[in-house]
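Computed from a predicted structure; not experimentally measured. A, B, ... follow the sequence lines: proteins, then strands. Residue 1 opens every chain.
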Amino acid sequence: MQQTKPYISTPELTFPKVGFLSAEQWIVGSHVLTGLVALLIGIFLGPFQVFRRAPALKWEIPVFSYYYQALTVHGVLNALFFTTFFIVGFSYFILMRSLKREMWSTKLVWIAYALMLIGLLLVLYALITNQANVLYTFYPSLIAHPAFYLGLVLLVVGTWIVTANLFLTYNLWRKENPQEHLPLAVFATLTNFVLWCVASLGVAIEVLFMLLPLSLGLITHTDPQAGRALFWFFGHPLVYFWLLPAYTSWYTMLPKQANSKIFSDPLARVSFILLMIFSIPVGVHHMFTDPGVSAVMKGIQTVFTFIVAVPSLLTAFNVGAMLERAGRNRGAKTPFDWMWKQDWKNPVIAAQISAMLLFITGGVTGIMNASLTLNIALHNTSWIPAHFHQTLGGAVTLTFMGICYWLIPMIRGRGLYSVKMALWQVHTWSIGMMIFGYTYGAAGLIGVPRRTDLGAAPYINPEAVPYLNMSIISGVLLLISAILFFINMAGTMLLSKKQLTEEAPIDTYVESKSPLWMEKWGLWLSIVGILCVIAWAPVFLEVVDFTHGFQIPGYSPNGGLYKP
Amino acid sequence: MHIDRLERYWIIAVGVVFGAFAAAIVASVVVFGVHLPSPVGRIDPAKLAESEFAKPGLTQDSEHAYTLRMVAKMWRFDIGSKEPQPTIKLPAGSRLKIVATSLDVTHGIYVERHDVNVMLLPGQISQVEVLFSKPGIYHIICHEYCGPGHQAMIATIEVS
């Protein structure tokens, strides 16, 4: 008997191979471009911090009033707003293209976008008026203007709506195609939003029940140690929320771009499941030097942090094997020549492979940071920004730039403005980040602190001065790279007259028979819950003072007690 | 689920490497005695005057053992002197116990060339011990952003 197709059967959309449907264009375009505007403001403040911290220059920060304001803007706009807007737009694109359907609700797409945009404007207001110089970790008891926290709340609530929309879209598709294999890119995107939603509970509780009420004057006291625990419950999975879309591109889009094939689809899925689960019970490795957390809990979370490194090493093998295949297709013969027999003339490929190379140092330094006792030598020194400029600034941002080199042309319906400029941008970026990593890493080992206005400091270790001066080179290269990137983006949007030739690199064809049990979201969430009880419940019991409650008043980041 | 032979070797190698890393960490604690800061107690920053932090400063406990009580505040380390960047003097071979807290916001201390790296939070007491075996000048640096004066929050330890 013919099985009846259940539920509302929406006709499959026929997406153009080259170019976008207008609905796609608006949804993906508005999110990605808003993200790029945030990046435009945030990115240019980076090199000027390097110039400010170099003893040979000690330049004042341009436009913004001083170092810590610029540092807050740089962190908040790049790491919180650019990433989130870009990832949301990219995720919508993946779902619509791979499942060949519109989002569950287009109205919800715009409601979420509006919330996130208002969030961005509120945060910008607080930052520009110098009322929120609390850096992007906003540790209490430094208290910012309420607009800062309200903006962050709106950003997070927006992403929750996005998550609901993504899952409802997937659910509809699943009901209509109960046996079909879920495309890997969609699977990865869904794991990413699961981990994001779980993680954001921590920061939501911190902002809604501690920071925002104090900032509004509804409560008068807070607890910095509890605030830090809630923040890092969120803060480490957050870095995986940035990283997973880059992995998604390496696993599912780069094979098509490089004319190769994914090596192992099931193991890729296992990696994403492991990342989704084990990114949660690891945040204490940011608090190894905190006085209020016991050494036992620090040890337990070290073990989990080592476990979460495993799926990244699986990814290294899987993606490496895929690239070897690409190199062999291009005539590589010896064991290692496939590495340079890649299509380095294609900026989309060059950007992603360079991003992977940066991620090697990023990953190794990350494992060092997580190594319990070794952390004493590294915590809060300039080693840490060196590390996360290889991961977030390197692997993630450079991959996102590589994605922009095909995505922005599709949004505009024109070819990339300049391929040559894009190649220069990729190479200046990766060399710049390598030099930044080397110089700031070395300075950190000598004891130069991070997040410090060295241009005004009465003391800098003389041994670190050559490294800090050498970092000027990285600042110059990265500044050039950023300028090239934005000229190319603006050129593609406004000036390009080239024809669009590249296809969207989405493979809806699923070769592997990936088992359906991998989509047991309830099971994964239960495991996350159990791990939270093991790894986080004791930490919260330690850090919350149940007898006295909150005892610490808020302070203004400009000095003195905070006045609402 | 099929796993390629080479990939299986890779997974085993990853397991072995992380096992070795974990063993190294255990050795650093058990054999070399590196310890992370651990909870020693809470304190209400409004009541510092009634606590061991009422008179911050250096005290000698025995011939080679000293205790430094310190209150971090926006934007200096209070160890009992009025100088913005105070100095303490110790003979080489001294074992120093640093007991510190914060009066207002999150601060931190990092001592150059020594295993001292700890956050100072209002409401929490931080305690670390460190041996100064070689003469020299070592700075205590505040390593957590605490407002516009953060970069000047430095103290000096002179070991002679």
- For each of A:His379, A:Met287, A:Arg228, A:Arg450, tally heavy-atom pairs with chain B at distances under 4.5 Å, and name the one with the top tally. A:His379
- Message: Which atoms of A:Asp223 are under 4.5 Å from chain B, going by heavy atoms: the side chain, the backbone, both sets, or neither?
- Response: side chain
- Task: Against chain A, label B:Glu7 side chain, backbone, both or neither, depending on which of its atoms sit under 4.5 Å from a heavy atom there.
- Result: both
- Message: Taking side chain as everything from C-beta outward and backbone as N, CA, C, O, which of these in A:Thr137 sits under 4.5 Å from a heavy atom of chain B? Side chain, backbone, both or neither.
- Response: neither
- Heavy-atom proximity to chain A below 4.5 Å, by part of B:Ile125: backbone
- Contacting region of A:Ser371 [heavy-atom separation from chain B under 4.5 Å]: both
- Item | A:Asp290 side, atom CG; B:Ser38 side, atom OG - distance, nearest 0.5 Å | 11.0 Å
- Message: Report which part of A:Met518 has an atom under 4.5 Å of a heavy atom belonging to chain B: side chain, backbone, both, or neither.
- Response: side chain
- Query: So what's closer than 4.5 Å to chain B heavy atoms on A:Ile446: side chain, backbone, both or neither?
  - Reply: backbone
- Message: Contact between A:Pro224 and B:Pro122 at the side-chain level, heavy atoms closer than 4.5 Å - yes or no?
- Response: yes
- Query: Under a 4.5 Å heavy-atom cut-off, does chain B meet the side chain of A:Asn558, its backbone, both or neither?
  - Reply: backbone
- Task: Let me know if B:Val14 has heavy atoms under 4.5 Å from chain A in its side chain, its backbone, both or neither.
- Result: side chain
- Is the closest side-chain heavy-atom distance between A:Leu313 and B:Trp10 below 4.5 Å? yes
- Under 4.5 Å from a heavy atom of chain A, the part of B:Tyr110 involved: side chain
- Query: Side chain, backbone, both or neither: which part of A:Val296 has an atom under 4.5 Å from a heavy atom of chain B?
  - Reply: neither
- Quick one: what part of A:Tyr459 sits under 4.5 Å from any heavy atom of chain B, side chain, backbone, both or neither? both
- Item | Atom group of B:Val128 that falls short of 4.5 Å from chain A, counting heavy atoms | neither
- Message: Report, in residue-number order, which members of residues 61-97 of chain B are under 4.5 Å from chain A by heavy-atom distance.
- Response: B:Met74, B:Trp75, B:Gln85
- Message: Between A:Tyr66 and chain B, with a heavy-atom cut-off of 4.5 Å, which part of the residue counts as in contact: side chain, backbone, both or neither?
- Response: side chain
- So, the part of B:His114 with a heavy atom under 4.5 Å from chain A: the answer is neither
- Taking C-beta and beyond as the side chain, do A:Phe317 and B:Leu6 meet within less than 4.5 Å on heavy atoms? yes
- Examine whether an atom of A:Gln69 lies under 4.5 Å from a heavy atom of chain B, and if so say whether it belongs to the side chain, the backbone or both; otherwise answer neither. neither
- Message: With heavy-atom distances below 4.5 Å as the criterion, would you say the side chains of A:Leu267 and B:Ile3 are in contact?
- Response: yes
- Query: Where does A:Leu561 contact chain B at under 4.5 Å (heavy atoms): side chain, backbone, both or neither?
  - Reply: neither
- Under 4.5 Å heavy-atom distance to chain B, tell me which part of A:Val448 shows up: side chain, backbone, both or neither. neither
- Query: Considering only heavy atoms, which portion of A:Thr381 lies under 4.5 Å from any heavy atom of chain B: side chain, backbone, both, or neither?
  - Reply: side chain
